[in-house]
Number of protein chains: 2
Amino acid sequence: MTLADHSFATLPLAEDRAAMIRDHLRDAIVDRRLAPGTKLNEAEVGTLFDVSRTVVRAALQALAFEGLVKTERNRGAFVANPTPEEARQVFASRRLIEPGIARAAAERITSSEIATFRERLHEESRLIGERGPSARRAEIHASGDFHLLLASVAGNAILLRFMEELVARSSLVIALYGRSGASSCGHNDHGNILASLEQGDGEQAASLLLTHIDHIEADLDLRQTGNLPLREALGSGSF
Amino acid sequence: MTLADHSFATLPLAEDRAAMIRDHLRDAIVDRRLAPGTKLNEAEVGTLFDVSRTVVRAALQALAFEGLVKTERNRGAFVANPTPEEARQVFASRRLIEPGIARAAAERITSSEIATFRERLHEESRLIGERGPSARRAEIHASGDFHLLLASVAGNAILLRFMEELVARSSLVIALYGRSGASSCGHNDHGNILASLEQGDGEQAASLLLTHIDHIEADLDLRQTGNLPLREALGSGSF
DNA sequence: CGCGCCAAAATTGTATGCAATCTTAGGCGT
DNA sequence: ACGCCTAAGATTGCATACAATTTTGGCGCG
């Protein structure tokens, strides 16, 4: 497993060790190096990062708050395995919150922020062209980052945190229920949204964002599988 | 201090001790028995509830995540002291989320839930008539409970959790910046909102909720006091 | 009298030990 | 062979011990 030493340079690093471990684990979950349902053994994670279980527990508790990890008393922590109903709620929440964020962002966005957006979008489209699991991960990450960047431009720290949680959980949902696997299959939704923001048209940005979320959710297969817990144990593979 | 033994009967109790302590502390913060800025000493809280610091730290971390407590490294945990800007963000978030919750609730509310609402509203209005700090606390609590009940009717667990955080933080904000001290000064907003819900008029409920939030925020004095941290140390009193 | 410095006390951060609980493997009876 | 029971092993929950850091109180000096 490559959790501890995966891109040390880009992450917060070293002031608060629990936060560092939390961020590494979150990254691993969000870009799907850790599959839903994976057991997160405290001692194992501790060895991996060279800290005691105390610190690991703090990190796992934080991830449990964000809904990325589920803890069961006396059984431990597992990467979350959202049900179709939870998946629907994630997207219902995003539909409620993100249009408002888009309106706020349209009013506040600066030209330097627009430039940042452009950079990211360019990077994102480059990744879509590439192949391989590493590029796929980066693409997933970049796609989520667009929404987080939008939220940060909106200037509300509380909503930004809510969006961080929702975007992360969306990644889990797509991993579980996505049909094509990729969240951005052919559309250029992000680019169109940015264009609306540039023109200061918050309403259009909000509207485009809403249909963008619809696009993402349309790629999901959220039919109830009769929520048999044994199904997940079988790995949902061919056999 | 009366934290540990304050209404044992009404709270979760004893399955998970960290959760119990977290809930007791949250209650104490929300109905203002613990003032903003109060230091929460781990050993002290632990003695109070007869648990080790390990458990206390878990509870404090949970409250920190909800924004009710601020932790500073190597300095400890304090009851949050939201700035005017944070206060504005709390209410901006509520304005974004609660109308959507009202629309969802209007579509899903059952007659038994309406009955529950009526009960609570009756209780709430009774408390408004009473005097004394204890009744005041109960009134504050009941006022927040209305919004949480609404969120639970809406049927989205994620949004419910967001609202729990926002309502709790609102209480802190009102404690700090409220002019009249009471959040419901003469209005019968809650009753009108319930009436709209009964008629299945989600749009009107959403609209009334929005003006209700405006009423609450209008009672605040969010002028910048030049955010000198020394000011809070002086207690903002006459000297 | 005020100010800065230093040591003692207090408090938090982390590791570790132990008890409680869950999991697993093996044996036994049917 | 199958299921059930039990005991050993593994894992979590919690308390405690110790290290690191901050806070406090006092002392001397200007």
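Please read these numbers as outputs of a predicted model, since none were measured by experiment. The chains referred to below are lettered A, B, ... by the order of the sequence lines, with proteins before strands, and numbering in each begins at 1.
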Heavy-atom pair of closest approach, residues [X] and [Y]:
| X | Y | result |
| --- | --- | --- |
| B:I213 | B:F91 | CG2-CD2, 3.8 Å |
| A:A58 | A:A18 | CB-CB, 4.0 Å |
| A:R223 | A:P84 | O-CG, 4.3 Å |
| A:L176 | A:P82 | CD1-CD, 3.3 Å |
| A:A142 | A:E124 | CB-CG, 4.0 Å |
| B:L159 | A:S93 | CG-OG, 3.5 Å |

Q: Summarise how protein sits on nucleotides 6-14 of chain C as a single string, 5' to 3': B when a protein heavy atom is under 4.0 Å from the base, S for sugar-phosphate-only contact, - for no contact.
A: -----SBBB
Q) Which ones in residues 59-68 of chain B lie close to DNA chain D, meaning a heavy atom under 4.0 Å from one of its atoms? A) none
**Q.** Nearest-angstrom distance from the residue atom CE of B:M20 to P of D:dG13
**A.** 17 Å
Q: Go through the structure and list residues passing salt bridge (charged side-chain N to carboxylate O under 4.0 Å, His left out) with B:E165, not counting sequence neighbours.
A: A:R161, B:R169
Q: Check each of A:R95, A:R88, A:R94 against A:E217 using the side chain to side chain donor-acceptor pair (under 3.5 Å) test, and report the only one that passes.
A: A:R95
